[in-house]
Amino acid sequence: MRSSQALSYLVFLLLASSTYASVLEDTCRTFGADYDYCIKFFQSDKDSATVDKRGLAVISTRIARAAAVSTLKRIAALKAADRDKKIQGPLADCDAKYTGAVNGLDEAARDIAAGKLQDAVTYLGYALDVPGSCDEAFGEVGVNSPLAAEGYEFARECYVARFVTTMLSASKPPRM
């Protein structure tokens with residue numbers, strides 16, 4: 001009797017994981033040409049293969065948050081290494097913006113979990129704008145942004161998070 005229970009449990013686990021894997025694949029298919037990027041993006045978090053769409057939205061904000069934290073570390077290193085006053089202002093501006101993005105991504109994850117999807121989309125939109133405004137701060141002093149590569153990747157990650165969350169909010173039945 002126990003071996004049949006174990007077999008049933010194993011079959012259930014296999015079915016559940018394939019269902020969640022198809023959730024991930026279905027979600028990434030909506031990205032069209034960016035399917036491969038989407039799959040690679042989510043593969044960086046082992047839980048992505050076992051969650052529903054809401055879980056994917058939370059995971060995507062977590063991945064984007066990690067990129068923002070990494071960029072903040074790079075900003076701190078640049079501030080310490082380069083005493084050129086010309087770039088200290090833009091670095092301070094970018095520091096504040098990426099700090100705001102980290103806080104906003106934390107709030108977005110909480111909002112997704114709580115079902116406040118429109119609020120989450122708003123926070124994700126703010127985070128998505130951070131790299132561009134950071135690059136503009138450097139442009140205003142006539143310097144190419146030393147954070148352009150990180151900013152580009154962070155923007156892509158925020159785009160995925162916002163897209164998945166928007167998709168989730170579109171499939172949510174209206175409140176009564």
Side-chain angles (χ1 to χ4, degrees), residues 11-75 94-137 145 147-176:
V11 168
F12 171 77
L13 285 177
L14 289 172
L15 288 173
S17 67
S18 69
T19 298
Y20 286 120
S22 84
V23 168
L24 174 61
E25 291 170 359
D26 289 345
T27 299
C28 287
R29 275 190 198 98
T30 63
F31 279 73
D34 286 335
Y35 174 83
D36 291 335
Y37 175 78
C38 179
I39 293 292
K40 182 180 174 189
F41 171 82
F42 280 111
Q43 284 176 341
S44 69
D45 188 300
K46 64 179 175 47
D47 295 334
S48 64
T50 60
V51 297
D52 60 7
K53 285 184 182 182
R54 183 178 303 258
L56 287 177
V58 171
I59 286 170
S60 64
T61 61
R62 198 167 54 212
I63 293 169
R65 183 191 188 282
V69 168
S70 177
T71 302
L72 281 168
K73 289 177 184 174
R74 175 97 194 288
I75 291 168
C94 292
D95 192 335
K97 289 179 185 328
Y98 275 97
T99 298
V102 168
N103 295 333
L105 289 165
D106 287 340
E107 189 60 40
R110 284 190 291 273
D111 286 345
I112 292 165
K116 299 191 292 185
L117 301 174
Q118 290 304 331
D119 292 342
V121 168
T122 299
Y123 283 111
L124 292 165
Y126 167 78
L128 182 59
D129 290 340
V130 166
S133 78
C134 186
D135 289 347
E136 285 176 19
S145 173
L147 304 169
E150 293 95 333
Y152 174 77
E153 191 57 33
F154 176 67
R156 286 182 80 185
E157 292 174 355
C158 288
Y159 175 77
V160 172
R162 189 178 72 170
F163 186 87
V164 171
T165 305
T166 301
M167 211 172 72
L168 183 61
S169 68
S171 67
K172 184 179 178 187
R175 289 188 211 173
M176 295 201 177

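Rounding to the nearest 0.5 Å gives a distance of 10.0 Å between OG1 of Thr27 and OH of Tyr35. To the nearest 0.5 Å, the span separating OG1 on Thr50 from CG on Leu56 amounts to 9.0 Å. Note that the CG atom of Leu117 and the CE atom of Met167 stand 12.0 Å from one another [nearest 0.5 Å]. Between Tyr98 atom OH and Thr71 atom OG1 the span is 5.0 Å, to the nearest 0.5 Å. To the nearest 0.5 Å, atoms CG (Asp52) and CG (Leu168) are separated by 8.0 Å. Distance CZ/Phe163 to OG/Ser60: 11.5 Å, rounded to 0.5 Å.
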Passes side-chain contact (heavy atoms from CB on, under 4.5 Å), Val23 versus Val51? Steps please. CA-CA 8 Å; Val23 168; Val51 297; over 6 Å; no
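In this view, Cys94 and Cys134 satisfy the disulfide bond (SG atoms under 2.5 Å apart) rule, not counting sequence neighbours. Partners of Asp45 according to the side-chain hydrogen bond (donor to acceptor under 3.5 Å, both in side chains) rule, which considers only residues two or more places apart in sequence or in another chain, are Arg62. With sequence neighbours excluded, no residue forms a side-chain hydrogen bond (donor to acceptor under 3.5 Å, both in side chains) with Gln43. Take Thr122 and apply the side-chain hydrogen bond (donor to acceptor under 3.5 Å, both in side chains) test, not counting sequence neighbours, and it matches no residue. In this view, Arg65 and Asp106 satisfy the side-chain hydrogen bond (donor to acceptor under 3.5 Å, both in side chains) rule, not counting sequence neighbours.
Taking all atoms of both residues into account, the shortest heavy-atom contact from Gly100 to Tyr126 is C-CE2, 3.7 Å. Ala108 and Ala120 make their closest contact through O-CB, 3.6 Å (heavy atoms, listed as atom of the first residue, atom of the second, distance). The minimum heavy-atom distance linking Leu124 with Ala161 is given by the pair CD1-O, 3.6 Å. The shortest heavy-atom contact between Ala64 and Leu105 is C-CD1, 3.8 Å.
Taking a 6.0 Å sphere around OH of Tyr123, one finds it holds 12 or fewer heavy atoms contributed by other residues, nucleotides or ligands.
Residues Ile112 and Arg54 meet the side-chain proximity criterion, which asks for heavy atoms closer than 4.5 Å. When side chains are defined from C-beta on, Val164 counts as touching Phe42, because their heavy atoms get closer than 4.5 Å. A heavy-atom distance below 4.5 Å is not found between the side chains of Thr165 and Arg162.
A donor atom on one side chain and an acceptor atom on the other are found under 3.5 Å apart for Thr99 and Asp95.
Screening residues 147-157 for side chain to side chain donor-acceptor pair (under 3.5 Å) gives Tyr37-Glu153, Arg74-Glu150 as the qualifying pairs, with residues at least two apart or on separate chains.
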